[in-house]
Amino acid sequence: MFGKRIPLFKVFGFEVGIDFSWFFLLVLITWSLAALVFPAEFPNLATTTLWIMGAAGAMGLFVSIVLHELSHSLVARIFGLRIRGITLFIFGGVAEMEPEPPSPKAEFWVAIAGPLMSFAIAGVLIVVAGLGAAQGWPKPAVGVIAYLGWINGLLAVFNLLPAFPLDGGRVFRAYLWHLRHDLLEATRITSMVGGWFGIAFFALGLVSLLAGDFIGGIWWFLIGMFLRAAARSSYDQLVMKTQLQGEPVSRFMETTPVTVDADRSVRDFVDEYLYHHDYKLYPVVKTGRLVGCVSTRQIKAIPREDWPSTTVGAIAQACTSDNTVSPQTDAMDALAAMHRLGISRMMVVDQGRLVGVLTLRDLLRFLSTRLELGDTPTHRPRTLDAPAGSAAPRTASARR
Ligand SMILES: [Zn+2]
């Protein structure tokens, strides 16, 4: 889901980063605050002041979301979950957790921690704004503080919708999991409900568009789409995980892979391998030992007239931990690595010897067969928030 992630800083050992899409949200929020929300509330303020307030509001929202995610992450840490980091993106934030909550209780507390934090911030800021107003603080400052208090409350409420994988959906799932002792079934039900919420947001988007609120309408559409996709992929990921986790790579690998001898010429390789098989990556071997990998990319770098005189061994790229696994590697980890690196084949190596090739196709074939037969064990994916963005344009339209 993420494009380029920019690491920013660390808090309590958690790395906070932003996705490029966040900049769009930042601009949208600053603009809607400066051009729509604050002018309606403070018609007498100068344009410059309004834009400074808009930027301050957007920055405050950034801090609010980080605190919300931090709250999830800290509670997750208490339950022994490993967190890779916090990333802010166009729809809010996400605390990326590696292993799943071990129990419904852990799931519940990790999920509820975010909205509780947002409610707490809301309460504090609203009180501060009230005191500030009574003390005669400058109007712009009080306005921004009040807005942030209000938006944090909205953030908490929105995230508590029982739309998996939003926080409320995860609380709901924890409840079903506790009730039925079946995480996969709980996820199936809650992600279905999450999908329905996605449709409801589409409808809301349509109503907004018909009412003439273009930005608000588009925003609801996007959130609906995002929620549907997130619900769907959370369930799919869980299915994959329950099926593959604990299974060694050796179970799925092809044990007689097509290999290329290092002494072969590139010309031979192109004619006899590339035109005959549709693999992207070929293991290169020399007397039974794996010496590297070769793909069309390395061939393209060699001038055509040099093909007969160049050996495959000379252009083979050394195998790295990125494209090799051991036969004992957990299949789920291998799949995650393929997904992360955007590759579909991995070399299976045991003490320098190539013992097989693992392909995405074989993994997926195994998955579909297993699902068809209907035999299943249990687990879960990561925590996800889709809150912040919804607030700004809606504020804009609500206040107009
Ligand atoms: Zn959350």
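When a residue number appears, it is its place in the shown sequence, counting from 1.
- With values rounded to the nearest 0.5 angstrom, Tyr282 atom OH is found 9.0 Å from Tyr273 atom OH.
- Distance check, rounded to the nearest 0.5 Å: CG of Leu45 to CZ of Phe38 gives 10.0 Å.
- The shortest distance between side-chain heavy atoms of Leu335 and Leu360 falls below 4.5 Å.
- Considering all non-hydrogen atoms of both residues, Leu363 and Ala331 come closest at CD2-CB, 4.3 Å.
- Taking CZ from Arg297 and OG from Ser295, the interatomic distance works out to 5.5 Å, rounded to the nearest 0.5 Å.
- Summarising the local packing, CZ of Arg267 is surrounded by more than 12 heavy atoms from other residues, nucleotides or ligands at distances under 6.0 Å.
- In this structure, Phe62 has its ring center closer than 6.0 angstrom to the ring center of Trp22.
- Judged purely by distance below 3.5 Å, without hydrogens or angles, the side chains of Asn152 and Ser64 pair a donor atom with an acceptor atom.
- For Arg228 and Phe197, the positive end is not near the middle of the six-membered ring at less than 6.0 Å and at most 45° from its axis.
- Distance CG/Leu33 to CD1/Ile151: 7.5 Å, rounded to 0.5 Å.
- Tracing side-chain contacts under 4.5 Å through hydrophobic residues (I, L, V, M, F, W, Y), one never reaches Val27 starting from Met59; they form parts of separate clusters.
- Considering every non-hydrogen atom in both Val249 and Ala334, the closest pair reads CG2-CB, 3.9 Å.
- Remark: side-chain polar atoms of His178 are not paired, donor with acceptor, to backbone N or O of Pro104 under 3.5 angstrom.
- Taking 4.5 Å as the limit, some side-chain heavy atom of Leu209 sits within range of a side-chain heavy atom of Phe221.
- With hydrogens and angles disregarded, a donor-acceptor distance shorter than 3.5 Å links the side chain of Asn159 to the backbone of Leu155.
- Contact annotation: the side chain of Phe201 approaches that of Leu161 to within less than 4.5 Å [non-hydrogen atoms, C-beta and beyond].
- Side-chain atoms of Trp307 and Asp268, non-hydrogen and from C-beta on, never get closer than 4.5 Å to each other.
- Summarising the local packing, CZ of Phe9 is surrounded by more than 12 heavy atoms from other residues, nucleotides or ligands at distances under 6.0 Å.
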Decide yes or no on side-chain contact (heavy atoms from CB on, under 4.5 Å) for Val348 and Leu354, but give the supporting numbers first. CA-CA 6 Å; Val348 185; Leu354 180 76; 5.8 Å; no

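- Hydrophobic clustering places Val124 together with Trp137 (ILVMFWY residues linked when any side-chain heavy atoms are closer than 4.5 Å, directly or through intermediates).
- Of the possible donor and acceptor atoms, none in the side chain of Tyr147 sits under 3.5 Å from a partner among the backbone N and O of Val142.
- Between His276 and Asp271, the shortest heavy-atom distance links the atoms CD2-O, 3.2 Å.
- Using a 4.0 Å cut-off between a side-chain N of Lys or Arg and a carboxylate O of Asp or Glu, Asp362 and Arg365 qualify as a salt bridge.
- The two residues Val349 and Val355 have their closest heavy-atom pair at N-CG2, 4.4 Å.
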The test is ring pair (Phe, Tyr, Trp, His ring centres under 6.0 Å); show your working for Tyr175 and Phe108 and say whether it passes. CA-CA 8 Å; Tyr175 174 70; Phe108 171 80; 9.9 Å; no

Could you go step by step and tell me if Thr311 and Arg264 meet the side chain to side chain donor-acceptor pair (under 3.5 Å) rule? CA-CA 5 Å; Thr311 65; Arg264 283 253 179 177; over 6 Å; no

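- In summary, the side chains of Asp167 and His68 do present a donor paired with an acceptor at a separation below 3.5 Å, with no hydrogens or angles considered.
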For Lys286 and Asp261, what are the C-alpha separation, side-chain angles and deciding distance, and is it a salt bridge (charged side-chain N to carboxylate O under 4.0 Å, His left out)? CA-CA 6 Å; Lys286 187 160 188 156; Asp261 195 274; over 6 Å; no

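- Looking at Thr310 and Phe269, their side chains never come closer than 4.5 Å, going by heavy atoms from C-beta outward.
- When the shell of 6.0 Å around CD of Glu305 is examined, it contains more than 12 heavy atoms from other residues, nucleotides or ligands.
- In this structure, Ser191 contributes its side chain and Gly194 its backbone to no donor-acceptor pair below 3.5 Å.
- Ring geometry for Phe158 versus Trp220: interplanar angle of 30 to 60°, hence tilted.
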Residues Ile18, Phe23; criterion side-chain contact (heavy atoms from CB on, under 4.5 Å); working and verdict: CA-CA 8 Å; Ile18 44 174; Phe23 288 109; 3.6 Å; yes

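- Both Leu25 and Ile218 belong to a common hydrophobic cluster when Ile, Leu, Val, Met, Phe, Trp and Tyr are linked at side-chain heavy-atom distances under 4.5 angstrom.
- Using the six-membered ring where Trp is involved, Phe24 and Trp219 have ring planes that are parallel, under 30° apart on the 30 and 60° scheme.
- A heavy-atom distance below 4.5 Å is not found between the side chains of Val260 and Val285.
- The closest side-chain heavy-atom distance from Leu160 to Ile112 is below 4.5 Å.
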Would you check, one step at a time, whether the test side-chain contact (heavy atoms from CB on, under 4.5 Å) holds for Asp182 with Trp177? CA-CA 5 Å; Asp182 184 346; Trp177 184 9; 6.0 Å; no

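- Linking Ile, Leu, Val, Met, Phe, Trp and Tyr whenever their side-chain heavy atoms come within less than 4.5 Å puts Trp196 and Phe172 in one cluster.
- When all heavy atoms of Pro39 and Ala34 are compared, the closest pair comes out as CG-O, 3.1 Å.
- Taking the charged nitrogens against the carboxylate oxygens, Glu185 and Arg180 do have a contact shorter than 4.0 Å, which makes a salt bridge.
- Between the side chain of Ser234 and the main chain of Ala230, a donor-acceptor pair closer than 3.5 Å is present.
- Separating the CG atom in Leu358 from the CG atom in Asn323 is a distance of 12.0 Å, to the nearest 0.5 Å.
- Taking CZ of Arg188 as the start and CZ of Arg173 as the end, the distance is 13.5 Å to the nearest 0.5 Å.
- Of all non-hydrogen atoms in Pro283 and Met347, the two that sit nearest each other are CB-SD, 3.5 Å.
- Put simply, Leu61 and Trp31 are part of the same group of oily side chains (I, L, V, M, F, W, Y) that touch within less than 4.5 Å, one to the next.
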Give the C-alpha distance, both sets of side-chain angles, the deciding distance and a yes or no for side-chain contact (heavy atoms from CB on, under 4.5 Å) between Phe164 and Val193. CA-CA 7 Å; Phe164 183 80; Val193 176; over 6 Å; no

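- One N or O on the side chain of Ser73 and one on the backbone of Glu69 form a donor-acceptor pair closer than 3.5 Å.
- Side-chain atoms of Ser71 do not come within 3.5 Å of backbone N or O of Leu67 as any donor-acceptor pair.
- Atom CZ of Phe42 has more than 12 heavy atoms from other residues, nucleotides or ligands within 6.0 Å.
- Looking only at side-chain heavy atoms (C-beta outward), Phe226 and Leu222 stay at 4.5 Å or farther from each other.
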